[in-house]
Protein chains: 2
Amino acid sequence: MNLTNRSQLRRLSDRGSHEEADLYRILDAAFLAHVGFVADGQPFVIPTLFGREGNTLYLHGSAASRMMRELETGIAVCVTVTLVDGLVLARSAFHHSMNYRSVVAFGTARKLAGDSDKNHALKVISDHLIRGRWEDVRPPAPKELKGTTVLAMEIEEASAKVRTGGPKDDAEDYALPVWPGVLPLRTVAQAPEPDGEQACEVPGYIVNFGCC
Amino acid sequence: MNLTNRSQLRRLSDRGSHEEADLYRILDAAFLAHVGFVADGQPFVIPTLFGREGNTLYLHGSAASRMMRELETGIAVCVTVTLVDGLVLARSAFHHSMNYRSVVAFGTARKLAGDSDKNHALKVISDHLIRGRWEDVRPPAPKELKGTTVLAMEIEEASAKVRTGGPKDDAEDYALPVWPGVLPLRTVAQAPEPDGEQACEVPGYIVNFGCC
């Protein structure tokens, strides 16, 4: 992976990495990306699901969506993924922080043309979100595929940032009578809510979602 | 709030709103924003904490950070906030969706100059994240304020999108033998992890974080 100015870590670079294994581990732990692009000089940031296969990110959306129509022209894209792990509550306002894992990835997207490529990419996105679901459901019909734009973006360069651990306070603040520490945060699944009166058993991939 | 092409909702506009009350409710339920800006033609999307006061969003960061140095020049900014509420598991791959609340807000940032304005904005950000904390901790020292850039962005225009409820399947798919429904997701706090051997009681604003 090449590195240019855009992905070089300038600050707190001890928290950073450009290693593929680190990037991919964070990308694979998340399912939501925030996609940045420029249209008429205006930056847009749009949340969307994504999938990863090797060094390729897949995005999809309605063929009518502004984001898809802009991205398919091959403009520069920034895909950012952030996982918040906790609030870092220091003894001073200044040293408050967040434990997190994030990836900022740059590239350009290309539109997939054939139904077989599109189907494959959609399966990658589905598996990335909830592995096992794709095999259970009705696959996309030709008309549905036609109405869906699927984009592939090679990660040209990217950086990861990770913060872990407790607060780092100034020496003279350690005696202050304030509770210091980390409030861990996790995204957890609640009880599944069935639609209608289907009597099917809840599949294991739903019951165990996010527990790995 | 004015509306131009950039914030008009094109698709699924029944899920959308431009009402301030809707925008502010979503912004206030979140603490993480993804900030988009353009530097040298390249879009960047960076995760960061934020605060809201009226129609103003506050951002802060090290005076040395690229984002702060770019944004303080008054370039166009997009601030996006997304809350994921659940996975919508339909009977067909095509109708899978996500329950979410998001805001996409546009504006330009200005750098706050005086210590009093900066302190106030930092308190708004702190209160937005965890109300009650600011009063407990050592306030920013002059040197710390000097090293921190604080930006205010009036929301010039914005759109909210919300999806709730179960899957909307095609009529002929309702009989398929697959579990359909919603897997609700929530970000929840785990047990606080104290730093060091402080014996202070855990404050109520930490114990009850996110429970309101």
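A note on names: the letters A, B, ... follow the listed sequences, proteins ahead of strands, and every chain is numbered from 1. All figures in this text were calculated on a predicted structure; none of them were measured in a lab.
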* Asked: Which of residues 42-50 of chain A get closer than 4.5 angstrom to chain B, counting heavy atoms alone?
  -> Q42(A), P43(A), F44(A), V45(A), I46(A), P47(A), L49(A)

* Does anything in residues 80-87 of chain B get under 4.5 Å of chain A by heavy atoms, and if so which residues? -> T80(B), T82(B), V84(B), L87(B)

* Asked: Who in residues 118-125 of chain A is close to chain B, using a strict under-4.5 Å heavy-atom cut-off?
  -> none

* By a 4.5 Å heavy-atom criterion (distance strictly below it), what part of H60(B) contacts chain A: side chain, backbone, both, or neither? -> neither

* Examine whether an atom of V88(A) lies under 4.5 Å from a heavy atom of chain B, and if so say whether it belongs to the side chain, the backbone or both; otherwise answer neither. => neither

* Please flag which part of A39(A) lies under 4.5 Å from any non-hydrogen atom of chain B: side chain, backbone, both or neither. => neither

* Structure fact -> Taken to the nearest 0.5 Å, the spacing of Y205(A) OH from L89(B) CG works out to 7.0 Å

* If we only count heavy atoms from C-beta on, is the L185(B) to F31(A) side-chain gap below 4.5 Å? -> yes

* **Donor-acceptor under 3.5 Å (R66(B) side chain, R6(A) main chain)** => yes

* Asked: For chain B, which of A191(A), G166(A), S92(A) has the most heavy-atom pairs under 4.5 Å?
  -> S92(A)

* Asked: Any idea which of G147(B), G165(B), A76(B), P203(B) has the most non-hydrogen atom pairs under 4.5 angstrom with chain A?
  -> A76(B)

* Asked: Are L129(A) and H96(B) close enough, and set up right, to give a side chain to side chain contact (heavy atoms under 4.5 Å, CB included), and what steps lead you there?
  -> CA-CA 11 Å; L129(A) 179 64; H96(B) 275 64; 5.8 Å; no

* chain A contact via S102(B) - side chain, backbone, both or neither, heavy atoms under 4.5 Å -> side chain

* Structure fact -> Under 4.5 Å to a heavy atom of chain A? For A90(B) that would be backbone

* **Residue V202(B) versus chain A: region with a heavy atom under 4.5 Å** => both

* Structure fact -> With chain A, the option among S126(B), C78(B), G181(B) that has the most non-hydrogen atom pairs under 4.5 Å is C78(B)

* Is there a side-chain contact between L183(A) and Q190(B) (heavy atoms, below 4.5 Å)? -> no

* Heavy-atom closest contact (P192(B) atom, P184(A) atom, distance) -> CA-CD, 4.2 Å

* **Which atoms of A141(B) approach chain A - backbone, side chain, both or neither, heavy atom under 4.5 Å** => neither

* Asked: Of the listed residues (I206(B), L145(B), V188(B), D40(B)), which shares the most heavy-atom pairs with chain A below a 4.5 Å separation?
  -> V188(B)

* **Over 12 foreign heavy atoms within 6.0 Å of CZ, R163(B)** => yes

* Can you name the residues of residues 131-140 of chain A that have some heavy atom under 4.5 Å away from a heavy atom in chain B? -> R133(A), W134(A), D136(A), V137(A), R138(A), P140(A)

* By a 4.5 Å heavy-atom criterion (distance strictly below it), what part of V77(B) contacts chain A: side chain, backbone, both, or neither? -> backbone

* For the student: nearest non-hydrogen atoms of W179(A) and C200(B), plus distance -> CD1-O, 3.5 Å

* Part of D170(B) lying under 4.5 Å from any heavy atom of chain A -> side chain

